[in-house]
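Notes for the one structure printed next.
Both backbone and side-chain heavy atoms feed into the values below; hydrogens, waters and symmetry mates do not. Just so you know, ligand 1 is whichever comes first in the structure, and atom 1 is the first atom listed for that ligand.
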Amino acid sequence: MSQFDFTEHPHRRYNPLNDTWLLVSPHRSKRPWQGQVEKSAPDQRPKYDPKCFLCPGNTRASGDVNPQYEGTYAFTNDFSALLEDVPEGSFENGDLFKAEGQKGICRVICFSPGHDLTIPEMETGDIRKVIDLWVKEYSELGSKDFINYVQIFENKGSIMGCSNPHPHGQIWSQSIVPQEPAGKTKNQRKYFENHGTSLLSDYLEIELKEKTRIVVENGHFVAVVPFWAVWPFETMIISKRHIQNITQLSDSEKDAFADIYKRLTTKYDNLFEVSFPYSAGIHQSPTDGQHHESWHLHMSFYPPLLRSATVKKFMVGYEMLAEPQRDITPEFSAHRLRELTEVHYKKSD
Ligand code: H2U
């Protein structure tokens, strides 16, 4: 029997941020595919759509009218999943039936007045304005007594449930720290207590030496397909400096964040020459007034596309019943993304 090689043999990988495992089956990426083939929607949109709820000057579903905004624009979601005005309280019936009231504020962030744009097609200077707005929203929402966590995210593409192609993201902020960031809080704290360094600083140091999973890098950030990636082309943008949240970014770090966000998403679009769908979000310290020294700012991208613009990965079967699994290795995905040009396919001849 040959020696174990994780680029060839089935194995499990550990995710230290979430304290979870996934199954990797590299040998299966050679299997024939006779599954579903879907058509990709043509991506031609006007600069302004009179029917769009998010375009400047248009009336939203609530009847409110958007201003003639020129850069970014934020408003409270007309159909917020969380509400500010909820009575405090909980329900408990023994150990098995528990519920607790939850207060929160949901915001919608328009990235640009241009209905036809997406992040990779926007100018870096305009993406910087999105980052400035995220910082403002995180600070304002996080400073409220009843807001202990602020989740900034972007759903891109209708297959991710995005309801409108106008470039936008969302913020959901609330009184508890939800499960995913709560787990990351716990695991980063444990690592920091044991090692005296941030989990992601140590991780990044090894990735920067090995270079096998790095997709793109600049002076302040690295985009990497994490060793433990579940989605085929999952990536993380990690700040080189150990900081806890976006309010600590310097001016040049904000510019560098905009630069890597554009470069990574341009590579994504170029992969299958389609506006690449994903859910992405910033993970950072809770705003609960506690000291979160161990937190390390990062942004995670979870894209569903697998082998073309039309074939996506589903979390089904074994994955729903046992644990996540992937066929192509993170090293192979990173290699494919790294090799792609940073000139957007719509702009190349
Ligand atoms: P998604 O595309 O990720 O669904 O985000 C769009 C959000 O915008 C969605 O949460 C809100 C929806 O509730 N929205 C408004 O608040 N007002 C509108 O007029 C349309 C959409």
Query raised in the report: Of all the non-hydrogen atoms in the protein, which one sits nearest to atom 8 (O) of ligand 1, and at what distance?
Result: Val108 CG2, 3.6 Å
Report task. For atom 4 (O) of ligand 1, grab the closest protein heavy atom and report residue, atom and distance to one decimal in Å. Result -> Ser163 OG, 3.1 Å
Report task. Could you check which of His168, His166, Lys156 puts a non-hydrogen atom nearest to atom 6 (C) of ligand 1? Result -> His168
Report task. Record the part of Asn164 in heavy-atom contact with ligand 1 below 4.0 Å; permitted values are side chain, backbone, both and neither. Result -> backbone
Query - Atom indices of ligand 1 within 4.0 angstrom of Ala61 heavy atoms, with elements - result: 18 (C), 19 (O)
**Report entry** Contacting atoms of ligand 1, where contact means under 4.0 angstrom from a heavy atom of Asn155
**Finding:** 3 (O)
Query raised in the report: Do the ring centers of Phe6 and Phe227 come within less than 6.0 Å of each other?
Result: yes
Query - Side-chain heavy atoms of Glu121 within contact of Ser112, under 4.5 Å - result: no
Query raised in the report: atom 15 (C) of ligand 1: protein heavy atom closer than 4.0 Å?
Result: yes
Report task. Give the numbers and elements of all ligand 1 atoms closer than 4.0 Å to a heavy atom of Phe75. Result -> 15 (C), 16 (O)
Query raised in the report: Can the ring centroids of Trp231 and Tyr268 be said to lie less than 6.0 angstrom from one another?
Result: no
Query - Phe257/Phe221 aromatic ring centres below 6.0 Å - result: yes
Report task. Answer yes if the side chains of Tyr48 and Asp116 hold a donor-acceptor pair under 3.5 Å, and no otherwise. Result -> no
Report task. Could you find the nearest protein heavy atom to atom 20 (C) of ligand 1 and give me its residue, atom name and distance? Result -> Phe53 CB, 3.6 Å
Query raised in the report: Among all protein non-hydrogen atoms, which one is nearest to atom 5 (O) of ligand 1, and what is the separation to 0.1 Å?
Result: Gln170 NE2, 2.9 Å
Query - Phe75/Tyr73 aromatic ring centres below 6.0 Å - result: yes
Report summary line: ligand 1 atoms nearer than 4.0 angstrom to some heavy atom of Cys162 are 2 (O)
Query raised in the report: Taking atom types as modelled, is there a side-chain donor on His296 or His242 under 3.5 Å from an acceptor on the other?
Result: no
Query raised in the report: Nearest 0.5 Å, what's the OG-CG distance between Ser175 and Asp145?
Result: 11.5 Å
Query raised in the report: Counting only heavy atoms not in Glu70, do more than 12 fall under 6.0 Å of its CD?
Result: no
Query - Residue portion contacting ligand 1 (non-hydrogen atoms closer than 4.0 Å) for Asp78 - result: both
Query - Option whose closest heavy atom lies nearest to atom 11 (C) of ligand 1, chosen from Asn66, Asn77, Asn58 - result: Asn77
